[in-house]
Amino acid sequence: MAPRASWKGYIKLSLVSCPVKMFPATTTSERITFNQLHKDTHNRINMKPVDPELGLVERSDLVKGYEYEDKQYVIIEDSDLEAVRIESSHTMNIEAFVDEDEVDVIYQDAPYYLAPDGAMAEETFIVLREAMRRSGKLAVARLVMSSRERVITIGARETGMFVTTLRNPNEVRGTAEYFGNIPVGKPDEEMLQLAEKLIEQKVKKFDPKDYEDRYEAALMAMIREKLKGHKPIIAQAPERGNVVNLMDALKASLSQSKPAAPSKAKAEPAAKPAAKKPTLKEAVEASKAVAGKTAARKKA
């Protein structure tokens with residue numbers, strides 16, 4: 001079954017326009033969700049609209065209302081909404097082009113895929129896509145979705161385009177309330193260098209497949225055990241370690257993060273007991289010893 005477009009219209013650049021269709025780029029259908037059931041009958045509970053005076057009412061009797069004062073509403077009909085038509089109702093009119101890094105991630109909201117609507121639109125679509133790809137720019141436009149105008153960015157992605165709706169500035173909170181009391185002070189240089197080395201040891205290419213939702217996986221494992229009639233095993237949360245000196249913790253972390261050298265010795269026939277994990281003090285001393293040997297080699 002072909003995916004259903006969530007928006008159809010035109011993308012327009014100056015006098016050039018092209019019919020397009022837009023699709024949600026993400027889905028939540030694979031997330032584990034729960035239904036509300038009655039504890040005795042296990043029947044699914046239906047959420048029905050209730051009027052404080054009339055009791056249960058039909059959904060067909062519901063209308064939209066805007067609260068302009070406390071408990072005072074003006075009724076908005078579908079015809080009223082249809083009458084509010086602006087250019088962006090059916091057109092993505094490109095207003096500007098910007099560098100990708102100029103769009104602060106905090107304003108980025110929902111992602112969508114954009115494709116040409118029909119074979120006749122493909123040539124124009126491809127020209128616009130490749131022009132944006134070569135320039136390395138994002139287009140800024142507007143469109144109306146869910147009865148509101150949204151500012152969007154449009155960029156080239158593979159053989160199609162990628163649209164991101166942006167949050168309105170009044171939806172983004174300022175930082176002063178949250179960061180205002182954090183001191184700007186300069187950190188200790190030695191600790192800063194140790195932290196930078198620790199970062200360097202953990203640098204890798206990002207792949208989202210490496211970061212599965214462990215809670216979701218554990219939740220599904222529990223559900224499968226329940227379906228088999230087994231009592232689920234309760235996983236214990238890891239215990240918090242003792243508070244340690246930051247310098248010692250950084251040095252110990254660096255020592256433990258170093259990759260072990262491959263062993264050339266043949267495997268023993270009998271399994272040896274696992275090596276005892278070094279204490280924080282031992283890790284710090286080992287780190288100092290390695291640093292001393294390195295310094296001695298440089299002097300030699």
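Cluster annotation: L114 and F23 are assigned to distinct hydrophobic clusters (Ile/Leu/Val/Met/Phe/Trp/Tyr, side-chain heavy-atom contacts under 4.5 Å, transitive).
Relative ring orientation between F206 and Y211 is described as parallel, the plane-to-plane angle staying below 30° on a 0-90° scale split at 30° and 60°.
Contact annotation: the side chain of T153 never approaches that of Y107 to less than 4.5 Å [non-hydrogen atoms, C-beta and beyond]. K226 has its side chain within reach of M222: a pair of non-hydrogen atoms, C-beta onward, lies under 4.5 Å apart. Counting heavy atoms from C-beta outward, K12 and I94 have side chains that stay 4.5 Å or more apart. Contact check for P111 versus T26: side-chain heavy atoms found under the 4.5 Å cut-off. Residues D109 and R150 are in side-chain contact: their nearest non-hydrogen atoms beyond the backbone lie under 4.5 Å apart.
The number of heavy atoms from other shown groups lying within 6.0 Å of CD (E158) does not exceed 12. Around atom CD of E171, more than 12 heavy atoms belonging to other residues, nucleotides or ligands sit under 6.0 Å away. The 12-atom threshold is not exceeded at CD of E100, counting heavy atoms of other residues, nucleotides or ligands nearer than 6.0 Å.
Remark: C18 SG to R129 CZ distance equals 11.0 Å, nearest 0.5 Å. For the atom pair CE (M132) and CZ (F97), the distance works out to 6.0 Å, reported to the nearest 0.5 Å. Annotation: the span from M191 atom CE to L198 atom CG amounts to 14.0 Å, rounded to 0.5 Å. Atom OH of Y113 is separated from atom CZ of F162 by 6.5 Å, given to the nearest 0.5 angstrom. Atoms NZ and NZ, from K21 and K8 in turn, are 6.0 Å apart once rounded to the nearest 0.5 Å. Note: I11 CD1 to I152 CD1 = 7.5 Å, rounded to the nearest 0.5 Å.
The pair K64-D80 does not meet the salt-bridge criterion, since no charged nitrogen lies less than 4.0 angstrom from a carboxylate oxygen. Under 4.0 Å is where a charged nitrogen must lie from a carboxylate oxygen, and between R133 and E130 at least one such pair does.
Distance alone, capped at 3.5 Å, is enough to place a donor-acceptor pair between the R167 side chain and the Q108 backbone. Remark: the backbone N or O of P49 is not paired with any side-chain donor or acceptor of R59 at under 3.5 angstrom. Remark: the backbone N or O of E190 is paired with a side-chain donor or acceptor of D188 at under 3.5 angstrom. Side chain of S6 to main chain of M22: a donor-acceptor pair is present (N/O by atom type, distance under 3.5 Å, no hydrogens or angles). Side-chain N or O atoms of N46 include none that pairs as donor or acceptor with a backbone N or O of K48 at under 3.5 Å.
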